[in-house]
Amino acid sequence: MSTRAPDNTSLPPMLLKDRVAIITGAASGMGRAAALLMASHGARVLIADIDEGGGNQTVEALQTSGADALFVKTDVSDARETRAMAQAA
């Protein structure tokens with residue numbers, strides 16, 4: 001899977017500047033793609049997933065492209081972990 005942000009010219013650049021996007025399941029697949037898209041429009045991205053390796057890879061890809069990104073290991077079925085994730089944002 002590509003870690004390059006999609007070229008989406010139909011949206012205004014920096015549409016999400018000064019916003020935080022919390023993406024659950026962003027260690028791979030559609031979640032990673034959503035994180036890359038949000039970052040490409042200026043969002044600070046919080047990656048939340050139970051997969052630490054994949055989550056850290058997503059953060060690395062985002063930071064390499066100049067985005068502000070953070071990984072928080074989160075099991076969204078656990079209310080305590082979900083609260084901690086929200087507080088980290």
Side-chain angles (χ1 to χ4, degrees):
M1 173 171 183
S2 172
T3 57
R4 202 179 98 224
D7 179 24
N8 191 340
T9 56
S10 64
L11 293 173
M14 304 312 269
L15 178 70
L16 301 174
K17 186 176 180 332
D18 300 322
R19 305 288 179 143
V20 176
I22 298 174
I23 311 291
T24 60
S28 64
M30 290 174 53
R32 180 176 284 170
L36 291 165
L37 180 62
M38 298 296 120
S40 75
H41 289 283
R44 176 176 171 250
V45 183
L46 185 142
I47 305 302
D49 206 295
I50 58 173
D51 176 0
E52 286 185 69
N56 286 320
Q57 286 176 350
T58 301
V59 167
E60 246 179 68
L62 291 168
Q63 290 175 341
T64 298
S65 71
D68 184 7
L70 169 70
F71 172 71
V72 178
K73 184 173 191 236
T74 308
D75 178 349
V76 296
S77 70
D78 183 320
R80 287 179 297 137
E81 288 190 21
T82 304
R83 278 192 295 277
M85 172 203 59
Q87 289 174 345

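Note that these values count all heavy atoms, side chains included, but never hydrogens, waters or copies made by symmetry. Please read these numbers as outputs of a predicted model, since none were measured by experiment.
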Decide if atom CD of Gln63 counts as having more than 12 heavy atoms of other residues, nucleotides or ligands within a radius under 6.0 Å. yes
If only atom types and distance count, is the side chain of Asp51 paired as donor or acceptor with the main-chain N or O of Ala27 below 3.5 Å? no
Cluster overlap Val20 with Ile47, hydrophobic side-chain contacts below 4.5 Å: no
Verify, without hydrogens or angle tests, whether Arg44 (side chain) and Ala89 (backbone) share a donor-acceptor contact under 3.5 angstrom. yes
Audit row: Leu70, Val59, side-chain contact (heavy atoms from CB on, under 4.5 Å) steps and yes/no: CA-CA 6 Å; Leu70 169 70; Val59 167; 5.8 Å; no
State, to 0.1 Å, how close Glu81 and Lys73 come at their nearest heavy-atom pair, and which atoms those are. OE1-O, 4.0 Å
Please check: side-chain N/O of Thr58 versus main-chain N/O of Ala26, any donor-acceptor pairing under 3.5 Å? yes
Shortest non-hydrogen contact from Ala48 toward Thr74: CB-OG1, 3.8 Å
Which atom names give the shortest non-hydrogen contact between Ile23 and Met38, and what distance separates them? CD1-CG, 4.0 Å
Do Leu46 and Leu16 belong to the same hydrophobic cluster, where Ile, Leu, Val, Met, Phe, Trp and Tyr are linked whenever their side-chain heavy atoms lie under 4.5 Å apart, directly or via other members? no
Hydrophobic cluster membership, with links at side-chain heavy-atom distances under 4.5 Å among I/L/V/M/F/W/Y: are Val72 and Ile50 in one? no
To the nearest 0.5 Å, tell me how far Phe71 CZ sits from Gln57 CD. 11.0 Å
For Met85 and Thr24 the tightest heavy-atom approach is SD-CG2, 4.3 Å
Would His41 and Arg19 count as a side-chain contact (heavy atoms from CB on, under 4.5 Å) here? Give the steps. CA-CA 10 Å; His41 289 283; Arg19 305 288 179 143; over 6 Å; no
